[in-house]
Amino acid sequence: MAPGTRCCSGAVLRRRLPVLAWLPDYSLQWLRLDFIAGLSVGLTVIPQALAYAEVAGLPPQYGLYSAFMGCFVYFFLGTSRDVTLGPTAIMSLLVSFYTFREPAYAVLLAFLSGCLQLAMGLLHLGFLLDFISFPVIKGFTSAASITIGFGQIKNLLGLQNIPRQFFLQVYHTFLHIGETRVGDAILGLACMALLLVLKLMREHTPPPHPEMPLGVKFSRGLVWTVTTGKIAEGLPPVRIPPFSVTTDNKTISFSEMVQDMGAGLAVVPLMGLLESIAVAKSFASQNNYHIDANQELLAIGLTNVLGSLISAYPVTGSFGRTAVNAQTGVCTPAGGLVTGVLVLLSLDYLTSLFYYIPKSALAAVIVTAMAPLFDVKIFRRLWRVQRLDLLPLCVTFLLSFWEIQYGILAGTLVSLLILLHSIARPKTQVSEGQILVVQLASGLHFPAIDALREAITKRALEASPPRCAVLECTHVSSIDYTVTVGLGELLEDFQKKGVTLAFVGLQVPVLRTLLAADLKGFRYFTTLEEAEKFLLQEPETQPYTIHEDAAPEHRSSLLKSPSGP
């Protein structure tokens with residue numbers, strides 16, 4: 001094999017297995033820091049996993065089942081040193097909504113979500129997530145924080161028989177508020193107060209540095225140390241996901257399970273990818289390193305597929321635990337191995353102790369974790385920066401209380417409509433005078449051509465008398481066939497009125513397209529001044545031509561005057 005071929009193969013292998021890029025340089029100092037970070041995250045994820053299983057409507061052990069596979073997969077495939085994969089509050093809420101509190105549905109959803117995420121990673125389809133705008137994400141997460149947080153009020157106050165549907169939940173919670181169990185309420189509020197104190201301590205802790213003692217670094221990660229009912233003991237068995245389920249002497253087939261989950265088969269994997277990549281990009285930006293979005297898709301997809309074999313429900317990147325990881329000075333994804341082992345040990349040896357954890361304490365963990373997700377300031381920022389973006393934010397926020405998928409879908413559609421409107425009605429700067437000058441402030445695509453024709457016709461051809469016009473196209477980098485046809489018809493309209501439409505600032509790809517279309521009466525100039533002189537009948541200034549093979553950066557050196565106008 002040629003050296004160049006070996007080098008290329010090695011680069012591809014390192015891209016697909018990022019562990020090969022950093023493992024050869026692994027040091028004892030990295031090991032110490034990764035161990036402390038992994039231990040801190042492990043002590044955080046155990047109580048959170050139990051609490052998030054409650055949000056998902058599943059037995060508590062399923063939270064722990066979902067908390068360790070991502071640690072091992074991400075060690076090999078992850079491109080962020082900070083990210084930790086596992087159960088999160090938002091993903092648990094989605095699982096609750098689409099799996100009807102049935103573990104079999106949750107495990108199958110993990111498998112199918114992982115397959116879709118893997119396919120997107122292999123096909124490099126991560127760009128599709130870019131169509132879910134920031135206001136939509138903020139609207140959904142803010143609604144989810146209220147939904148999840150309020151859903152824990154019943155556990156915090158010790159209330160019984162409260163329905164899960166949000167509006168019914170609000171009604172029945174206030175209806176039965178007099179049945180509050182004082183002991184549960186005091187314990188839950190005390191836990192919340194303790195968590196808030198720990199949170200304030202964390203925010204005022206200085207960043208880690210290499211000389212900091214290991215005991216101090218370890219203490220930085222102990223943000224949540226509260227870790228019910230009976231929990232199944234031991235490690236989960238390895239088995240294929242349930243492609244059918246039997247309940248009440250009735251067998252539900254795979255196709256029926258898929259139909260029951262409906263839109264969740266798209267919403268869950270997409271939101272999982274969105275949350276994980278957003279977390280990875282955020283910490284990569286803060287810590288000055290690069291992540292590979294498509295590689296991240298492969299990591300989370302394989303985590304969910306393999307997780308379904310040990311009864312896990314869908315997981316994603318956790319912002320809170322990733323923050324703990326970063327704050328304790330993690331150096332590589334190897335810190336996740338310590339976290340994974342700690343979760344496995346808790347499953348094998350500590351599950352009997354979890355029986356004594358009150359639900360009100362777990363509710364306090366969830367409510368405290370949810371509070372920061374509601375971003376009050378986003379409304380004020382959007383009002384100041386771009387008020388139109390408040391529309392998808394509010395649509396997503398309000399509809400998410402009714403049906404989660406409706407909120408996300410409606411918000412995304414509103415965002416796309418705003419985007420399409422800006423494409424169909426591009427901003428223009430118009431200079432009135434003896435010659436009409438229309439400058440496009442953005443690109444020109446087929447939805448915009450009719451509106452552009454109408455605007456130029458009204459201002460130039462319907463004027464008395466008709467006047468010449470210049471279309472300034474500096475910001476137009478490409479055009480399609482529909483635009484070409486529309487411009488050709490506009491040129492014909494000008495010729496019929498005995499006036500001229502000229503073009504200025506054409507980029508090379510656009511010029512080539514227009515030349516290939518052989519438009520009658522097509523004239524183009526280097527500068528606006530040259531166009532205006534020509535249109536004012538000063539014959540010494542002529543249109544320019546351009547070599548067909550000219551690159552954009554060399555265009556100015558290739559301009560020359562033709563033999564005639």
Side-chain angles (χ1 to χ4, degrees), residues 11 13-27 30-31 33-42 44-45 48 66-88 90-91 114 117-118 120-122 124-127 129-130 137 207-208 217 220-221 269-304 306-307 314-340 343:
L13 187 60
R14 283 192 298 272
R15 189 169 67 249
R16 290 303 184 194
L17 284 175
V19 63
L20 299 178
W22 55 263
L23 191 59
D25 300 322
Y26 201 74
S27 66
W30 287 4
L31 175 63
L33 293 172
D34 285 346
F35 180 82
I36 295 299
L39 195 59
S40 301
V41 174
T44 302
V45 72
Q48 283 192 338
S66 307
F68 65 85
M69 182 58 74
C71 301
F72 300 113
V73 172
Y74 204 80
F75 172 83
F76 294 99
L77 301 182
T79 60
S80 168
R81 68 169 183 255
D82 300 302
V83 166
T84 64
L85 299 180
T88 66
I90 291 178
M91 187 55 59
Q117 291 162 340
L118 276 176
M120 290 181 67
L122 292 172
H124 292 241
L125 297 180
F127 72 92
L129 300 176
D130 296 337
I137 298 171
K217 291 178 181 177
R220 293 166 53 86
L270 290 179
M271 289 307 298
L273 293 176
L274 192 65
E275 189 175 359
S276 187
I277 291 178
V279 170
K281 286 184 176 180
S282 174
F283 282 87
S285 175
Q286 291 178 24
N287 298 317
N288 299 315
Y289 62 87
H290 175 71
I291 67 158
D292 183 340
N294 287 301
Q295 183 66 27
E296 292 293 303
L297 299 187
L298 295 178
I300 188 173
L302 188 60
T303 294
N304 280 320
L306 295 180
V315 301
T316 184
S318 166
F319 189 90
R321 295 192 298 275
T322 298
V324 173
N325 213 19
Q327 289 173 352
T328 46
V330 71
C331 298
T332 71
L337 296 181
V338 180
T339 301
V343 175

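All residue numbers in this chain count up from 1 along the given sequence. All heavy atoms count here, side chains included; hydrogens, waters and symmetry mates do not.
- Between Ser40 and Val324, the closest heavy-atom pair is CB-CG1, 4.1 Å.
- Using a 4.5 Å cut-off on side-chain heavy atoms (C-beta onward), Arg16 and Leu298 make contact.
- Only one option out of Val343, Thr84, Thr322, Val330 pairs with Val41 in a side-chain contact (heavy atoms from CB on, under 4.5 Å); it is Thr84.
- Under the side chain to side chain contact (heavy atoms under 4.5 Å, CB included) criterion, Ile137 pairs with Ile132, Thr141, Leu274, not counting sequence neighbours.
- In this structure His124 satisfies the side chain to side chain donor-acceptor pair (under 3.5 Å) test together with Asn294, sequence neighbours excluded.
- Rounding to the nearest 0.5 Å gives a distance of 10.5 Å between CD1 of Ile291 and CG of Asp82.
- Between the CD1 atom of Ile36 and the CG atom of Leu31 there is a distance of 10.0 Å, given to the nearest 0.5 Å.
- In plain terms, the two heavy atoms of Val315 and Ser66 that are nearest each other are CG1-O, 3.3 Å.
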List the atom pairs, with distances to 0.1 Å, where a side-chain N or O of residues 71-79 and a protein N or O form a donor-acceptor pair under 3.5 Å, not counting sequence neighbours.
from  : atom 1 : to     : atom 2 : distance (Å)
Tyr74 : OH     : Ser80  : N      : 3.2
Tyr74 : OH     : Glu296 : OE1    : 2.9
Tyr74 : OH     : Glu296 : OE2    : 2.9
Thr79 : OG1    : Asp292 : N      : 3.3
Thr79 : OG1    : Glu296 : OE2    : 2.6

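- The minimum heavy-atom distance between Ser318 and Val279, with the atom names listed, is O-CG1, 4.1 Å.
- Partners of Leu270 under the side chain to side chain contact (heavy atoms under 4.5 Å, CB included) rule, at least two apart in sequence or in another chain, are Met120, Leu129.
- Take Asp34 and apply the side chain to side chain donor-acceptor pair (under 3.5 Å) test, not counting sequence neighbours, and it matches Tyr26, Thr332.
- Here the shortest heavy-atom pairing between Ala299 and Thr303 reads O-OG1, 2.8 Å.
- Once rounded to the nearest 0.5 Å, the distance linking CZ of Phe35 with SG of Cys331 reads 14.5 Å.
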**OP:** Would you sort out whether Ile277 and Leu297 count as a side-chain contact (heavy atoms from CB on, under 4.5 Å), showing the intermediate values?
**Re:** CA-CA 8 Å; Ile277 291 178; Leu297 299 187; 3.4 Å; yes
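- Crowding of Phe319 atom CZ: a count of heavy atoms from other residues, nucleotides or ligands under 6.0 Å not exceeding 12.
- Closest non-hydrogen pair, Asn325 versus Arg81, comes out as ND2-O, 3.8 Å.
- The backbone N or O of Gly38 sits less than 3.5 Å from a side-chain atom of Thr339, completing a donor-acceptor pair.
- Taken from CD in Glu275 to OG1 in Thr88, the straight-line distance is 4.0 Å, to the nearest 0.5 Å.
- In this structure Ser276 satisfies the side chain to side chain contact (heavy atoms under 4.5 Å, CB included) test together with Leu85, Ile300, Thr316, sequence neighbours excluded.
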